[in-house]
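So you know, we letter chains A, B, ... as the sequences are listed, proteins then strands, and number each from 1.
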2 protein chains.
Amino acid sequence: METRCENCIVRKFNSLRAMNKEELKQVSDAKVTKKFKKGDALFEEGEKLNGVYCVRDGVSKLSKLSANGKDQIVKLATTGEVMGQRAVIVEEPTNLSAVAVNDMEVCFVPKEIIVDSMHKNPDFTLEVLRHMAHDLKEADDVIVNMSQKTVKQRVAEAFLYLKNNYGVDEEGFLNLTLSREDIANVVGTATESCIRIISEFKKKGFLKTSGKRIGIVKEKELQSLIDGF
Amino acid sequence: METRCENCIVRKFNSLRAMNKEELKQVSDAKVTKKFKKGDALFEEGEKLNGVYCVRDGVSKLSKLSANGKDQIVKLATTGEVMGQRAVIVEEPTNLSAVAVNDMEVCFVPKEIIVDSMHKNPDFTLEVLRHMAHDLKEADDVIVNMSQKTVKQRVAEAFLYLKNNYGVDEEGFLNLTLSREDIANVVGTATESCIRIISEFKKKGFLKTSGKRIGIVKEKELQSLIDGF
DNA sequence: AACAAAACCTGACATATATCATGTTTTCTC
DNA sequence: GAGAAAACATGATATATGTCAGGTTTTGTT
């Protein structure tokens with residue numbers, strides 16, 4: 001396992017790539033690598049974060065509890081992504097919970113180092129800003145989808161998202177397997193509705209399943225359904 | 001009319017407050033003040049922005065067109081807020097349209113100056129970052145509301161939002177008057193549904209109306225409706 | 001291998017919300 | 001101030017989706 005941040009490939013994909021050697025050394029010296037099992041919580045909504053979490057391996061769901069007791073998954077964070085940045089920047093408790101979707105390896109970086117770099121290195125700050133700007137755009141898109149698309153369309157979209165971002169295995173099943181409940185929480189619907197729609201897609205030959213695993217069979221048909229026939 | 005940014009109060013509320021004297025002078029020299037009438041578009045989705053828009057007076061709706069031809073209003077930008085920052089940072093066409101909700105006065109600041117400051121002044125960059133982090137949190141909240149709350153709850157929420165952010169006049173009507181269609185587009189519902197809910201609230205004595213103008217009569221009742229009775 | 005727990009699935013039903021159609025009121029324009 | 005256009009309003013109806021309730025299958029644990 002590579003323990004020096006300077007040599008970590010993961011870094012290439014996130015804002016840490018804008019750090020200079022000295023800063024990276026600091027991060028490397030202060031960081032703590034942690035492992036989480038599938039289902040473990042990295043942090044909970046309302047918690048004060050003392051640093052950020054850089055994903056080395058695995059996927060985490062970032063969710064927010066609603067008044068009626070349902071989780072809404074707002075984002076999936078993957079290898080290379082940094083979690084908790086927002087809360088550290090605004091110095092507020094985090095508004096999201098992070099739970100491991102599969103086994104994870106994560107580097108925890110104390111906030112002092114991040115904050116320090118943000119004050120001194122505009123390139124780094126700007127890089128963080130770019131990432132946040134990207135997230136904000138995605139959030140805007142989600143808002144529009146939520147209000148304007150049907151549940152069926154959003155479920156279809158979720159599968160294409162999973163395919164495009166995590167790929168498929170040799171048998172054609174999605175690499176990232178989410179429970180039906182998680183999919184429902186991404187899409188913002190009831191678990192039963194989600195299951196029903198998956199069944200329908202299966203019946204129509206758009207999808208295939210094998211246990212929890214799901215594979216996309218007719219991508220075009222799914223896409224045209226999303227676009228509104 | 002105050003034309004020097006250094007003396008502009010509006011600036012106190014946005015990221016420009018982190019600029020130093022020199023930078024402000026640059027902005028002041030380069031900015032162009034523009035006026036827009038109610039209904040005018042400041043910019044359209046997909047347009048390349050050559051700068052940012054700082055709102056001196058009036059309110060603008062930021063919206064995104066969905067596949068089915070409906071506008072979803074993602075945010076209302078008020079005095080002091082800066083629009084178009086996101087697009088300038090990521091150097092992409094803007095994902096949102098901006099239309100004046102009432103008569104507006106806006107300062108256009110060429111992007112070069114903004115970008116330049118972001119490279120040189122970490123305080124400014126950090127301040128922009130803080131604002132974006134705030135917007136992102138709000139967007140997350142909207143996502144959760146969209147998927148977990150009923151239309152009725154969201155309409156009620158919209159009115160409280162308008163009251164808290166824009167206040168009421170002497171007669172108790174909301175200072176910011178939106179059309180029923182705009183409210184529907186904020187909330188993400190059909191105009192007819194929105195109208196029906198307003199009628200219902202009026203019948204129950206929660207709201208009062210006078211033409212387009214709307215006043216909140218029973219705030220507590222609206223709040224408890226939002227919270228789920 | 002046996003059992004429990006969790007995840008998945010399906011039916012029946014209720015209901016919130018969209019859609020269409022039509023009429024009224026308000027606002028705008030000349 | 002008259003006429004046109006836009007905004008507002010309401011009824012009737014269809015339907016997507018949530019909820020409750022009862023199953024089966026899969027997964028995990030000892």
Side-chain angles (χ1 to χ4, degrees), chain A residues 37-40 61 66-72 99 101-103 145-156 158 173 177-204 207-214 225-226 228-229, chain B residues 37-40 61 66-72 99 101-103 145-156 158 173 177-204 207-214 225-226 228-229:
Chain A
K37 285 245 144 93
K38 177 179 174 176
D40 287 352
K61 55 182 177 182
S66 72
N68 66 51
K70 261 192 187 167
D71 258 340
Q72 173 65 39
V99 173
V101 169
N102 42 36
D103 291 354
N145 277 347
M146 281 288 180
S147 76
Q148 311 284 14
K149 294 204 166 150
T150 64
V151 174
K152 209 174 286 185
Q153 289 175 310
R154 281 181 276 146
V155 171
F173 291 104
T177 300
L178 294 177
S179 70
R180 308 292 196 260
E181 187 182 1
D182 279 344
I183 299 170
N185 289 345
V186 167
V187 162
T189 189
T191 308
E192 297 94 322
S193 298
C194 180
I195 290 173
R196 242 183 276 272
I197 288 168
I198 292 172
S199 298
E200 187 193 327
F201 285 168
K202 217 168 98 180
K203 225 170 271 170
K204 286 187 178 161
L207 297 177
K208 63 178 176 182
T209 67
S210 164
K212 305 185 51 152
R213 294 191 307 160
I214 292 177
L225 195 155
I226 294 168
F229 316 117
Chain B
K37 284 245 146 98
K38 178 179 171 173
D40 287 352
K61 54 182 177 183
S66 73
N68 65 50
K70 260 192 186 166
D71 258 341
Q72 173 66 38
V99 172
V101 169
N102 43 34
D103 291 354
N145 277 346
M146 282 288 181
S147 75
Q148 310 285 15
K149 293 201 167 157
T150 65
V151 174
K152 209 174 285 185
Q153 289 175 310
R154 281 181 276 147
V155 171
F173 290 104
T177 300
L178 294 177
S179 71
R180 308 290 197 261
E181 188 182 0
D182 278 345
I183 298 170
N185 289 345
V186 166
V187 163
T189 188
T191 308
E192 297 96 321
S193 297
C194 181
I195 289 173
R196 243 184 274 271
I197 288 167
I198 292 172
S199 298
E200 187 193 326
F201 285 168
K202 218 167 97 180
K203 224 169 272 169
K204 286 187 178 163
L207 297 178
K208 62 179 176 181
T209 67
S210 163
K212 305 183 53 152
R213 294 190 306 159
I214 291 176
L225 195 154
I226 294 168
F229 318 115

[X] side chain near [N] phosphate (N/O to OP1/OP2, under 4.0 Å):
| X | N | value |
| --- | --- | --- |
| A:R196 | C:dC9 | no |
| A:K70 | D:dT19 | yes |
| A:T189 | D:dT17 | no |
| B:S199 | D:dA9 | no |

Where each residue is assigned the nucleotide of DNA chain D containing its nearest heavy atom, which of A:G211 and A:V151 is assigned the position nearer the 5′ end? A:V151
Closest nucleotide of DNA chain D for A:A190 versus for A:K212: which of these residues is on the 5' side? A:A190
Round to a whole Å and report the spacing from [atom1] of [X] to [atom2] of [N].
| X | N | atom1 | atom2 | result |
| --- | --- | --- | --- | --- |
| A:L207 | C:dC8 | CG | P | 14 Å |
| A:F201 | C:dC9 | CZ | P | 14 Å |
| A:K38 | C:dA7 | NZ | C1' | 11 Å |
| B:E200 | D:dC8 | CD | P | 18 Å |
| B:K149 | C:dA16 | NZ | C1' | 17 Å |
| A:I197 | C:dC8 | CD1 | C1' | 15 Å |
| A:E192 | D:dA21 | CD | P | 12 Å |
| A:K152 | D:dT15 | NZ | P | 12 Å |

Under 4.0 Å, counting only non-hydrogen atoms across every strand here, what does A:S193 touch: a base, just sugar-phosphate, or nothing? base
Between A:Q72 and A:V186, is there a donor-acceptor pair closer than 3.5 Å when you use the side chain of the first and the backbone of the second? yes
Can any side-chain N or O of B:D103 pair as donor or acceptor with the backbone N or O of B:K38 at less than 3.5 Å? yes
Test item: side-chain donor near acceptor, B:E181 and B:T191, under 3.5 Å: no
Counting only heavy atoms not in B:K152 (residues, nucleotides, ligands), do more than 12 fall under 6.0 Å from its NZ? no
From B:K202 NZ over to B:L207 CG, what is the distance, rounded to the nearest 0.5 angstrom? 9.5 Å
